[in-house]
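Side chains included, hydrogens not; waters and symmetry mates left out as well; all remaining heavy atoms used.
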Amino acid sequence: MLPQRILARRLPLGAVHRTVPRASFSQVRALAAAEANDSLETGPYENPPPIKRSFRDPYGDWWDKQERRNFGEPVHEDNDLLGVFSVEQYTHATPGKAFAALGVFVATFLGFCGVTSLFYPDKASAPRTFPDGLEKELGGPSALRARKDGEDTW
């Protein structure tokens, strides 16, 4: 016959404590220490300065003309960000020139709006007139009436 603990599907308590992994809460301190000692991760390997390869001379005598690097030259650990085919860095205008161009655009647009509001007519070119000012149609003598024939002002 089978032992009673197999029939009850229970393991001995000593086996349960030995096989269940315990969570280690000291990983946070280990990760913080690893980030602080980031320069020690590469060991004796020298890490060159972070310069994008697209800023190097395209007509220079490079061993690898496509990546603009020479044979045996150390590769930066962020080579995927600094290579020729990475996202280009925007160097066409300085922030000062960009803000000046934005200011000129806003001033021009607001100036155009102001000039348009000065010279744009608010009324139709030939205002309509109605016999008896539509007094009956608009609700009687105390209602706001339309322009009568012969009236020149609103």
Side-chain angles (χ1 to χ4, degrees), residues 1-130 134 138 143-147 152-154:
M1 280 251 155
L2 295 171
Q4 189 166 354
R5 72 182 126 161
I6 293 176
L7 290 176
R9 295 187 184 177
R10 288 189 303 188
L11 292 174
L13 292 178
V16 172
H17 289 296
R18 289 187 196 109
T19 58
V20 175
R22 304 283 281 164
S24 174
F25 298 107
S26 63
Q27 291 177 358
V28 175
R29 281 183 259 141
L31 288 174
E35 288 177 7
N37 297 330
D38 190 28
S39 62
L40 300 176
E41 284 185 13
T42 56
Y45 184 78
E46 70 174 85
N47 201 13
I51 299 172
K52 286 183 85 88
R53 294 235 172 83
S54 57
F55 293 144
R56 289 183 170 186
D57 183 21
Y59 304 109
D61 187 26
W62 303 106
W63 180 76
D64 182 3
K65 302 231 185 265
Q66 184 172 347
E67 273 292 318
R68 298 179 189 161
R69 66 184 290 261
N70 289 322
F71 183 77
E73 182 179 349
V75 180
H76 194 274
E77 68 177 318
D78 292 329
N79 187 45
D80 55 340
L81 299 174
L82 300 173
V84 173
F85 297 111
S86 64
V87 180
E88 288 196 28
Q89 204 165 10
Y90 187 79
T91 58
H92 303 292
T94 61
K97 285 184 180 180
F99 284 125
L102 183 65
V104 167
F105 169 74
V106 169
T108 304
F109 179 74
L110 292 178
F112 179 73
C113 290
V115 168
T116 303
S117 69
L118 288 176
F119 294 109
Y120 189 76
D122 288 333
K123 294 185 260 181
S125 59
R128 292 182 61 182
T129 59
F130 301 96
L134 296 177
L138 291 177
L144 183 65
R145 61 182 175 81
R147 178 184 268 182
D152 290 334
T153 60
W154 284 96

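Going from atom CZ of Phe85 over to atom CG of Asp80 covers 14.0 Å, rounded to the nearest 0.5 Å.
Listed by chain and number, the residues in a side chain to side chain contact (heavy atoms under 4.5 Å, CB included) with Lys52 are Ser54, Phe55, Leu82, Ser86, Gln89 (sequence neighbours excluded).
Closest approach of Pro50 and His76 over heavy atoms only: CB-NE2, 3.8 Å. Across Pro74 and Pro48, no two heavy atoms sit closer than the pair O-CG, 3.6 Å. Scanning all heavy atoms of the two residues, the minimum distance from Asn47 to Val75 falls at OD1-O, 4.3 Å. Of all heavy-atom pairs between Arg68 and Pro58, the closest is NH2-CB, 3.5 Å.
Within a 6.0 Å radius of CG in Asp61, other residues, nucleotides and ligands contribute 12 heavy atoms or fewer.
For the pairing with Trp62, the side-chain contact (heavy atoms from CB on, under 4.5 Å) check across Glu67, Arg56, Arg53 returns one residue only, Arg56.
The backbone N or O of Arg69 lies less than 3.5 Å from no partner atom in the side chain of Asp64, so there is not a single donor-acceptor pair.
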